[in-house]
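A, B, ... follow the sequence lines: proteins, then strands. Residue 1 opens every chain.
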Amino acid sequence: MPREISKAYEPQAIEQRWARAWVDEKLFRADARAQGPVFSIVIPPPNITGSLHIGHMLDHTLIDILTRWHRMRGFNALYLPGTDHAGISTQRVLVRLLAEQGIDYRKLGREAFEKRVWQWKEESGGTITRQMVQLGESCDWTRERFTLSPELSRAVREVFVRLYEEGLIYRGKYMVNWCPVCQTAISDLETVHEERTGHLWHIRYPVIGTNEQVVVATTRPETMLGDTAVAVHPEDERYAHLVGKMVRLPLLAREIPIIADRYVDREFGTGVVKVTPAHDPNDFEAGRRHNLPQIDILTDDGHLSKAAGPYEGLERFAAREKVVEDLKAQGLLEKITNHTYAVGTCDRCKSVIEPRASTQWFMKMKPLAEPAIAVVEHGEIEITPENWRAVYFEWMRNIRDWCISRQLWWGHRIPAWHCENGHVTVARETPAKCAECGSTNLAQDPDVLDTWFSSALWPFSTLGWPDDTEDLRVYYPTSLMITAYDILFFWVARMIMMGLKFTGQVPFRRVHLHSLVLNAEGQKMSKSKGTGVDPLELNRQFGTDAMRFTLAVMAAPGTNIILSDERILSYRAFANKIWNAARFLFVNLDKFEATGITLEELAAPEVRAASPHRLRGALPLADRWMFSRLARVAHKVNAALEELRFHEAAHTVYHFFWGEFCDWYIEWVKPTLAAENHEEARAAWRNLFAVFEAALRLLHPFMPFLTEELWHRLPQRAGAKSIALDRYPEGRETWFDEEAERQASLLQEIIVAARNIRAELKLDPRKKVAAELTADAHIRSLVHDNLDAVLRLAALSELKLTSGHLSPKGGLVRSTAQFDLRMAYGQAEDLRGEVIKLRKEKDRLAKDIESKKQRLADETFRSRAPENIVRGLESTLHEREVEYRKLRDRLAHLEKQLGEGGAAAS
RNA sequence: GGGCGGUUAGCUCAGCGGUUAGAGCGUCCGGUUUACACCCGGAAGGUCGCAGGUUCAAAUCCUGCACUGCCCACCA
């Protein structure tokens with residue numbers, strides 16, 4: 001046990017040392033054959049492109065707290081780490097990096113590009129995992145996975161082929177969200193609706209063979225170039241005579257029909273709508289119903305295509321202006337009105353997406369969603385906080401097919417091969433010939449899968465599926481999924497669907513959705529917006545343990561987390577407090593050794609396991625109280641963690657350690673530690689060490705580094721490896737010692753009362769003064785038995801114990817129903833402050849008593865409220881009345897005194 | 001257009017049916033108590049957004065309103 005210990009906690013060196021040691025020793029390697037109930041959790045795989053941001057830090061902190069807690073409780077715990085290949089994100093990063101080097105990725109070609117990405121991944125893709133090691137996360141690094149590794153790719157192909165064979169994956173031309181910047185289709189979830197104020201352009205379409213014209217309104221005038229009809233409601237009398245006639249499409253002079261369709265809203269605008277089947281979801285459906293041609297007027301990169309005639313080549317927004325200008329010139333623009341509408345933007349690049357009919361791969365979701373709804377309904381998967389259940393159900397019940405193909409190069413290549421005759425062969429391995437016509441002229445589909453496709457398989461693909469592995473049998477279904485609520489649909493819902501479909505089991509038994517971490521302005525932290533904070537910088541500044549503790553304390557469900565330096569600072573102070581409590585033990589080792597106690601003795605398991613109730617009676621009050629509090633706190637922390645109430649668990653240990661262990665217990669037993677009576681001193685040391693060591697274990701899941709370091713500095717059994725493998729304090733209810741808690745808090749009240757008077761009198765804290773305590777025999781005897789501690793902690797020279805009523809004369813008094821404490825004062829003190837205070841207190845008490853009396857006088861209350869509530873109220877009322885009488889007498893006395901002195905005249 | 005949160009001490013937030021509503025920071029007063037000034041002791045500070053209702057009992061449950069944040073949505 002080292003004697004030299006720095007005065008303040010300096011986390012950096014300690015953290016680095018333990019982080020490395022834990023990995024080197026493979027301390028957290030899970031053994032599928034180990035004993036104990038299983039706790040398994042897979043990480044929400046971070047993107048390889050990123051570095052660790054505060055959101056990850058929160059995820060990982062909560063996961064790690066629970067993993068360490070379970071491990072310490074004897075669970076066979078697995079925390080499986082890994083990363084996501086992050087299709088679009090990674091491709092975007094690489095394209096940019098290459099561009100910076102003057103390389104056009106398209107010219108590089110697909111194969112060379114992929115090679116570059118892999119190379120980059122090897123060099124830079126490990127940032128996050130390195131950072132996770134630094135953070136000391138208790139993952140099993142031997143089981144690290146990557147969504148694009150050969151093993152996981154195999155799972156992806158297996159799933160794709162099976163779904164295709166069942167008809168749940170299909171290919172076809174449908175309306176998709178097209179991002180002209182990323183140049184790929186994206187899913188509905190990846191488009192973010194943004195409210196914008198724009199215009200509604202009203203355009204005249206002349207009806208051929210008449211003098212009439214119809215007016216259509218549109219938010220995207222350039223799409224008129226792709227119109228293949230205009231539509232009216234079949235029962236709209238205004239236009240009934242026009243149905244079946246043709247209109248001349250302005251600018252292009254194309255003749256298109258006027259059709260009747262129920263999807264037209266007669267109330268909106270003129271009741272006539274232009275139909276652009278290739279660029280609007282409603283029009284697409286209408287186009288199918290009426291057999292209209294689809295004219296795609298766009299190119300992949302958002303310019304106008306050949307189909308746009310004279311507008312070919314124009315950028316889409318330039319084309320809009322030109323179209324409007326030309327319509328205006330031809331007098332075909334009736335009016336422009338203001339209009340707010342929601343525009344879809346690309347989640348990745350924020351550019352406006354274009355609805356576009358395109359041939360893509362889709363997954364049928366309804367059949368997959370049904371069982372996924374059922375398992376949550378039936379509680380096979382518990383979602384916390386509960387309000388997310390409703391959100392989940394809502395989305396799942398209205399789920400639409402998922403566009404899974406992406407026009408990218410980085411990702412899982414779709415396992416489909418096209419032959420020259422247009423047949424498609426879907427296979428697990430590259431086929432030699434077309435399954436339909438036998439052609440050997442095959443080309444693999446160029447598209448890759450949406451990143452979330454492989455993420456959806458994560459809980460079982462990482463454990464070895466599709467093989468029937470030991471890991472899968474032992475660790476699947478996983479115990480819990482912890483992630484931010486913003487990927488409930490993207491990821492959580494899809495994992496549930498895929499897990500059920502392919503393993504017949506839920507992927508996890510519980511989902512905990514935590515809040516987002518926002519900055520001081522309440523904005524979502526984001527690197528692109530420059531509003532992010534670097535958690536590693538904060539860790540360096542305040543210590544990882546302080547950061548972890550802050551996040552845990554703030555992880556209360558419901559609200560978002562707003563991080564501030566002040567808050568982290570207060571938990572850095574907490575870490576320092578723990579450090580200094582340890583320091584107290586270490587710097588007093590000479591006193592400790594003087595008692596003849598050995599370190600071996602302290603490390604003995606029977607001392608550690610000492611169950612307080614066995615010792616009760618033999619122990620001094622302070623120790624009985626402390627052990628009881630320890631048990632109660634352990635009980636509460638365990639219960640809180642069981643229910644994922646991290647903030648409550650953290651609060652509880654914080655208050656226990658600082659407010660009870662340090663502020664009261666250590667101060668209380670200090671003299672005993674140096675007592676002449678060695679047996680007494682030894683017992684005090686033993687208990688102090690035992691409580692401190694237990695407190696470290698209690699704290700360990702929250703503050704792994706600090707506790708590991710201090711635990712190793714304490715005497716430990718030979719071969720004891722890590723606090724992380726030690727037992728978590730249990731807090732059995734049989735350890736609670738209510739009598740000791742009651743007595744200790746009474747003594748504390750007396751001490752606080754004395755301190756209060758001292759502060760009021762502005763006494764020099766070192767100056768010891770005499771006081772008088774009036775109380776019943778029971779309390780007097782309690783105080784008498786603990787007189788040394790009371791005198792010392794209240795800085796009293798003596799405490800006279802008296803019975804009966806306290807005479808009203810002289811000194812400052814603090815009273816409760818149980819006792820009166822009086823301290824004499826010199827003549828210089830001004831009593832007016834005290835009088836004001838007492839008056840205020842008297843009013844408050846009078847009001848309180850009045851309301852309690854009223855309650856108790858209420859017959860309905862007495863008959864309906866539970867007995868213990870009524871009795872509790874009665875006894876409280878009695879106490880208040882006692883306090884009130886004492887206070888009234890004191891006040892009268894003081895007022896008289898002031899009045900006589902003439903000081904109250906003013 | 002639907003839905004979900006939030007509104008509690010100067011600030012950031014806990015508490016979510018039962019006796020005098022809590023924490024951290026900040027404020028004020030007093031401290032070189034040999035573990036800790038990242039500290040110690042004491043104190044001040046709140047008609048729990050507003051209005052109704054349910055209940056013996058409401059910060060806590062219900063309804064409405066007002067701000068405020070977010071999610072979902074194919075009305076041109």
Side-chain angles (χ1 to χ4, degrees), chain A residues 5 7-9 175 188 193 200 216-220 223 231 263-265 267-270 272-276 280-285 339 341-342 344 355 385 387-388 390-391 394-395 398 485-486 488-489 516 518 520 522 524 542 546 553-554 556 558-564 566-567 569-588 647-648 651 654-655 662-663 666-667 670 752 755-760 762-766 792-793 795 837 844-845 848 852 855 858-866 868-870 872-877 879-880:
Chain A
I5 170 166
K7 204 167 167 183
Y9 177 49
M175 189 56 53
D188 294 340
H193 290 273
L200 210 47
V216 300
T218 178
T219 54
R220 295 180 295 154
T223 61
Y263 89 104
V264 179
D265 178 358
E267 308 301 315
F268 189 92
T270 56
V272 186
V273 61
K274 58 193 272 311
V275 182
T276 323
D280 180 276
N282 285 320
D283 296 0
F284 178 81
E285 295 301 327
H339 185 66
Y341 66 110
N387 61 297
W388 290 108
V391 180
E394 179 63 19
W395 189 73
N398 296 304
Y485 64 71
D486 61 346
L488 174 60
F489 307 141
L516 302 178
L518 307 179
K524 189 168 169 176
F542 302 108
V553 149
M554 302 194 77
T559 47
N560 289 322
I561 296 173
I562 295 178
L563 207 59
S564 68
E566 292 75 37
R567 198 66 191 253
L569 213 53
S570 72
Y571 296 109
R572 183 187 71 170
F574 181 49
N576 190 244
K577 186 74 182 176
I578 298 165
W579 182 259
N580 273 289
R583 192 161 173 270
F584 172 73
L585 297 183
F586 300 141
V587 297
N588 283 297
H647 63 298
E648 189 186 315
H651 251 123
Y654 178 93
H655 180 256
C662 292
D663 288 350
I666 292 183
E667 294 306 325
K670 262 179 185 172
V752 168
R755 288 171 175 172
N756 183 292
I757 301 176
R758 297 183 58 97
E760 207 68 28
K762 302 207 192 318
L763 291 182
D764 183 327
R766 281 159 305 184
R792 188 166 40 83
L793 296 176
K837 193 172 167 169
R844 219 202 74 229
L845 270 176
D848 191 35
K852 285 193 169 54
R855 295 242 54 209
D858 185 347
E859 264 319 305
T860 349
F861 168 68
R862 298 196 85 102
S863 59
R864 297 222 188 161
N868 62 321
I869 296 294
V870 177
L873 194 62
E874 276 169 349
S875 83
T876 311
L877 173 63
E879 284 185 14
R880 292 289 173 281

Provide, to the nearest angstrom, the distance between the [atom1] atom belonging to [X] and the [atom2] atom belonging to [N].
X	N	atom1	atom2	value
A:Asp764	B:G42	CG	P	16 Å
A:Glu394	B:C70	CD	C1'	16 Å
A:His647	B:G24	NE2	P	16 Å
A:Ile561	B:G24	CD1	P	19 Å
A:Tyr263	B:C74	OH	P	15 Å

A:Tyr263 side chain to A:Asp283 side chain, donor-acceptor N/O pair below 3.5 angstrom: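 A pair is found: one side chain offers a donor N or O, the other an acceptor, under 3.5 Å apart.
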Quick one: label [X] by what it contacts on the DNA or RNA (base, sugar-phosphate, nothing), any heavy atom closer than 4.0 Å.
X	value
A:Val273	base
A:Asn868	nothing
A:Tyr654	sugar-phosphate
A:Lys7	sugar-phosphate
A:Lys762	sugar-phosphate
A:Pro866	base
A:Asn282	base
A:Val870	nothing
A:Gly269	nothing
A:Arg220	nothing
A:Asn387	sugar-phosphate
A:Glu267	nothing
A:Arg567	base
A:Arg862	nothing

Extract from the structure each pairing of a protein N or O with an N or O of nucleotides 44-49 of chain B at less than 3.5 Å, listing the distance.
unit_1, atom_1, unit_2, atom_2, d
B:G45, OP1, A:Lys840, NZ, 2.9

Just say parallel, tilted or perpendicular for the rings of A:Trp388 and A:Tyr485, cut-offs at 30° and 60°. parallel
What's the gap between B:U27 and B:G22 when it is taken at their P atoms, as a whole Å value? 23 Å
Considering only atom C1', compute the distance from B:C38 to B:A44 and round it to an integer number of Å.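 My reading of the C1' atoms in B:C38 and B:A44 gives 25 Å.
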Give a yes or no on whether the backbone of A:Glu394 and the side-chain of A:Asn398 come within a donor-acceptor separation of less than 3.5 Å. yes
Just by distance, do the side chain of A:Asn580 and the backbone of A:Lys7 share a donor-acceptor pair under 3.5 Å?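 It does hold such a pair.
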Tell me, please, whether A:Phe542 has A:Arg572 positioned over its six-membered ring: NZ or CZ under 6.0 Å from the ring centre and within 45 degrees of its axis?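 No - A:Arg572 does not lie over the ring of A:Phe542 by the 6.0 Å and 45° rule.
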